[in-house]
Amino acid sequence: MALSNKKLKYLHRQAERKSPAEIAADLNVPLKVVRAELEKMQGKGEASINRIQRKEKILFWMLASFVFLAPFIVLRDFSNFADAPKKALIQIGGLALFGMWLFQQSRSPRIEIRKCSIYLPLAFVILWAFSSVFWAKDSYSAFIQWAHWAACGLVFFVSYHILDDSRKSNFILGLIFASATLVALLGLAQHIFEVDWVRQIAPPAATFANRNAASQYVVLTFPLGLIFFLAARRNTSIWIVSLAMASICAYLFHTFTRAGWLSVSGEIFLFIIYLAFRHYKLKSALISGGRKLIALGTACVVIILLANFSSQGWSWRGEEALNRFSSLWKGDLPDRNAPEETMVKGEEEYSSVLTRKTIYRNTLEIIKSHPWNGVGLDNFAVHYPASTLSGWQDKEIGLHKHQAKTHNDYLQITAELGAPAVAALICFVIALVRKFPVLFSRKLPENDRDTACACLIGILGLSANAIVSFPMYLAIPPFILAIYAAIFFRILGQENEGKDDKWVWENRKMATPGVILIALILAGWIFWQYRFFRSEYYYNLQSIGLRDRYYKESIHWGLKAQEWNPYRLDVQNYLGRALLKIEDRKGAIEHLERFHKSIPYATYNLYYLALGYKELNEYAKAKPLLDTAINILPDEGRLRDLMGWVYSGLNQPEKALEEFRLAAQLVPRKSNYHYNLGVTAFLLGRYEEAAEALQKSVALKDDYFLARKYLGKTLIQHLDRPEEGIPHLKKAIELSPDGKETQSLRKILEQINKMEP
């Protein structure tokens, strides 16, 4: 009979303190097995066990380091400065941990893999997600996201093996809670003292760039504080945990994320149910001692104080929070086919809640069209614009603003990976539920039950947050979820120890090829991450150059970014746009077409690609691109204006006139659009419409020479209103006294003067 690692460790620790019979009784194994193992511990056997324990310690401290450091990794001079570095650390860490575990197995007497009920659904999801890379339009994005999920799967596997007692599990969970406390303190410092050590996009975001992402980390870690507070016995521990929880709650309040508030409220509710179970079924005290009540009351006061402080001082925010919370139930989605006058107007028209409803309904259109295999991991953004053609018009989409995520992980995973992924998710839920009888059994030690419940509540909190957000596509949530799941299933799987709970291979050399393979993959992935971040650095410079209109510099940095990472598509789009600005149209089209091949419905790329073809006078190529873009964004003035130019180039002036009319109606403050409408109407002989449009153009742009010229000629030569037209011609001459057309304008004025009596 082979002893488990846990029993072997116990035997080794107690060998000099207890007799073999006492150890056999403690472990509930035959005495002869204990004596045989004690004999093995002599000489080489003992040295082997010591080596195993040293390697296990290395593994444990590697995991502890990654767990604590991951939330704080930020690289300022990169475009994705918060999430990408965290993902890189977790991916490298997952490979390193698994490689170290394999190396340990290769040096052990035999290879042992502990069984777990979620191996199959977890492995299936990872393999299926990898398969989707081959049918995804944007294979690069699919592979990058898959790499992170796969790394988190490795973290789960290794954690499940090395976190074999409550002491280790609680230490890891304690590190997670400590890092969450530091994150919260940094977020509070950003909000109250305007600390700017860390770059942010939507403050206070701590080290997560966006406060929504930061709130997801708080949701994951908050239950740990509840359980640590419950288990605390010493005054110091009670007060540290209480104040840490107060800072976390205050920071969560300042993030003003309703999904985070709802998720934490649900976690508190589940914790209260658990307390009631402990009290009435297990006869455990709810909160033992007055010390905890005092600490809890103090924590509540601290939360209230911190929640109402900002850099401007004290300000009561209760009503503001209540209004934001209640806005979840305001409004409904307007019918896309309803008359315009029946639409809801005002600030509530497309709140974040209504936007999410639109996204959800359009995501269902994607699911309907790809029910079995999905569109490919992380390819939702590629297909979403097209879903609005058969679904609901999303007024939050703009020419340069697209929906990147569904804001509901369940819908997004279903859309991207299809029915098989849903089936695997259901299997995971079933495996979780099947552990409930063990979790609430009287046989389970109280400390283990508390730890397992903390992990379970954290998993459920993240599951609730995933209904209205996208935590599984970020760096930290799936990483922490992997550790929670490993601890939960390991604690509740202890009752099966010694009952064929492992797969065992006596030939340990089988692990050696795996060690070599993982070492090569790890080295290659580190090299890839180096290239990735070099590209990220140059891409950041490229985007800044394009934004600030330094087009040649933007092209230079873009080519550098492409050199380091030829698969990144955003670089191609930015290169195309910058090349258009310097009038290298063929070069621009080459890059824009490369982007279009993988992401065919990105309206901003369709616009610039059509613009490039239009400037090359290839109007027939530009038109279908604009047709697609306009179907997605029928109310985008720039698309309508460009389509007007395309119809003009195709010698279809009536259609051009209609498009220019729409552009001017949609963007009435744009002088160019009124000018294009006016000139087209002028060429078609519709002089009244031309004059009206040109008058609007010059009203918006007083120094518009061409608009002044055409308006003056229209009024004088075609509408017989010289008294109105003369000032415009004079202004045109004043604007361009030496221009090529100025002489002809002077002749018109001279003719008018001769005609006067």
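Predicted, not measured: the structure shown is a model, and the values here were computed from it. We number each residue from 1, following the sequence as shown.
Within 6.0 Å of atom OH in Tyr550, 12 or fewer heavy atoms from other residues, nucleotides or ligands are found, so the atom counts as exposed in its surroundings. Within 6.0 Å of the CH2 atom in Trp645, the count of heavy atoms belonging to other residues, nucleotides or ligands does not exceed 12. Other residues, nucleotides and ligands place more than 12 heavy atoms under 6.0 Å from the NZ atom of Lys701.
Using modelled atom types, one finds no donor on one side chain facing an acceptor on the other under 3.5 Å when comparing Gln542 with Tyr537. In this structure, a donor-acceptor pair under 3.5 Å is absent between the side chains of Glu396 and Gln403. Residues Ser215 and Thr257 have side chains that bring a donor and an acceptor to within less than 3.5 angstrom of each other. Looking only at atom types and distance, the side chain of Asp641 has a donor-acceptor partner in the side chain of Asn676 under 3.5 Å away. No hydrogens or angles considered: a donor-acceptor pair under 3.5 Å links the side chains of Asn573 and Asn605. No hydrogens or angles considered: nothing links the side chains of Arg211 and Gln216 as a donor-acceptor pair under 3.5 Å. Side-chain atoms of Tyr538 and Asn565 include no donor-acceptor pair closer than 3.5 Å. Side-chain contact annotation: Glu416 with Gln412, donor-acceptor N/O pair under 3.5 Å present.
Note that Lys357 lies outside the cation-pi zone of Tyr360, set by a 6.0 Å cut-off to the ring centre and a 45° limit from the axis.
Scanning all heavy atoms of the two residues, the minimum distance from Lys713 to Leu729 falls at N-CD2, 4.1 Å. Between Ala656 and Ser648, the closest heavy-atom pair is CB-OG, 3.4 Å. Annotation for Ser671 and Tyr704: closest pair OG-CD1, 3.3 Å, computed over non-hydrogen atoms. Contact detail for Ala707 and Ser697: the closest heavy-atom pair is CB-OG, 3.7 Å. Between Leu417 and Ser132, the closest heavy-atom pair is CD2-OG, 3.7 Å. Closest approach of Ser369 and Ile366 over heavy atoms only: OG-O, 2.9 Å.
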Taking distance alone, no hydrogens or angles, what donor-acceptor pairs closer than 3.5 Å link side-chain atoms of residues 610-620 to residues at least two apart or in another chain?
{"residue": "Tyr613", "atom": "OH", "partner": "Glu593", "partner atom": "OE2", "Å": "2.6"}
{"residue": "Glu615", "atom": "OE1", "partner": "Arg585", "partner atom": "NE", "Å": "2.7"}
{"residue": "Asn617", "atom": "OD1", "partner": "Tyr619", "partner atom": "OH", "Å": "2.9"}
{"residue": "Glu618", "atom": "OE1", "partner": "Lys621", "partner atom": "NZ", "Å": "3.2"}

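A 4.5 Å side-chain heavy-atom check between Asn212 and Thr255 finds every atom pair outside the cut-off. Here the side chains of Arg356 and Asn408 are not in contact, with every heavy-atom distance at 4.5 Å or above. Within the 4.5 Å cutoff, side-chain heavy atoms of Leu609 are placed close to those of Ile589.
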**OP:** Just do the salt bridge (charged side-chain N to carboxylate O under 4.0 Å, His left out) check on Arg361 and Glu365 with the steps written out, would you?
**Re:** CA-CA 7 Å; Arg361 293 184 181 187; Glu365 296 296 321; over 6 Å; no
Subject >> Working for side-chain contact (heavy atoms from CB on, under 4.5 Å), residues Leu559 and Glu563 >> reply: CA-CA 6 Å; Leu559 292 173; Glu563 179 184 340; over 6 Å; no
Subject >> Steps toward ring pair (Phe, Tyr, Trp, His ring centres under 6.0 Å) verdict (Tyr608, His400) >> reply: CA-CA 11 Å; Tyr608 288 110; His400 291 282; 5.7 Å; yes
**OP:** Check the pair Arg721 / Glu688 against salt bridge (charged side-chain N to carboxylate O under 4.0 Å, His left out), numbers first and verdict last.
**Re:** CA-CA 11 Å; Arg721 289 151 59 182; Glu688 287 288 353; 3.7 Å; yes
Original post:
So Ile630 and Met643, side-chain contact (heavy atoms from CB on, under 4.5 Å) or not? Walk me through it.
Top reply: CA-CA 9 Å; Ile630 287 172; Met643 182 62 95; 3.9 Å; yes
**OP:** Evaluate the side-chain contact (heavy atoms from CB on, under 4.5 Å) criterion for residues Arg640 and Arg661: first the C-alpha distance (whole Å), next the side-chain angles of each, then the deciding distance (0.1 Å), finally the verdict.
**Re:** CA-CA 9 Å; Arg640 294 292 185 177; Arg661 279 178 187 153; over 6 Å; no
Original post:
Does the pair Tyr567 and Phe143 meet the rule for a ring pair (Phe, Tyr, Trp, His ring centres under 6.0 Å), with working shown?
Top reply: CA-CA 11 Å; Tyr567 307 105; Phe143 178 76; 9.3 Å; no
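Rounding to the nearest 0.5 Å gives a distance of 8.5 Å between CG of Asp77 and CD1 of Ile544. Atom CZ of Phe81 is separated from atom CZ of Phe208 by 12.0 Å, given to the nearest 0.5 angstrom. Atom CD of Gln145 sits about 11.0 Å away from atom CG of Asn379, to the nearest 0.5 Å. Atoms OH and CZ, from Tyr574 and Phe595 in turn, are 9.5 Å apart once rounded to the nearest 0.5 Å. Atoms OG and CG, from Ser736 and Asp703 in turn, are 12.0 Å apart once rounded to the nearest 0.5 Å.
For the salt bridge (Lys or Arg N to Asp or Glu O under 4.0 Å) test, residues two or more places apart in sequence or in another chain that qualify with Lys405 are Asp378. Residues meeting the salt bridge (Lys or Arg N to Asp or Glu O under 4.0 Å) test with Glu553, sequence neighbours left out: none.
Residues Phe533 and Phe78 bring their aromatic ring centres within 6.0 Å. Ring-centre distance between Tyr384 and His402: not below the 6.0 Å cut-off. Checked against the 6.0 Å centroid threshold, His718 and Phe682 count as a close aromatic pair.
Not one N or O on the side chain of Ser141 forms a donor-acceptor pair closer than 3.5 Å with the backbone of Asp138.
Salt bridge annotation for Asp702-Arg708: present, with a cationic side-chain nitrogen under 4.0 angstrom from a carboxylate oxygen.
Between His383 and His370, the ring planes are perpendicular. Angles over 60° get that label, and only those under 30° would be called parallel.
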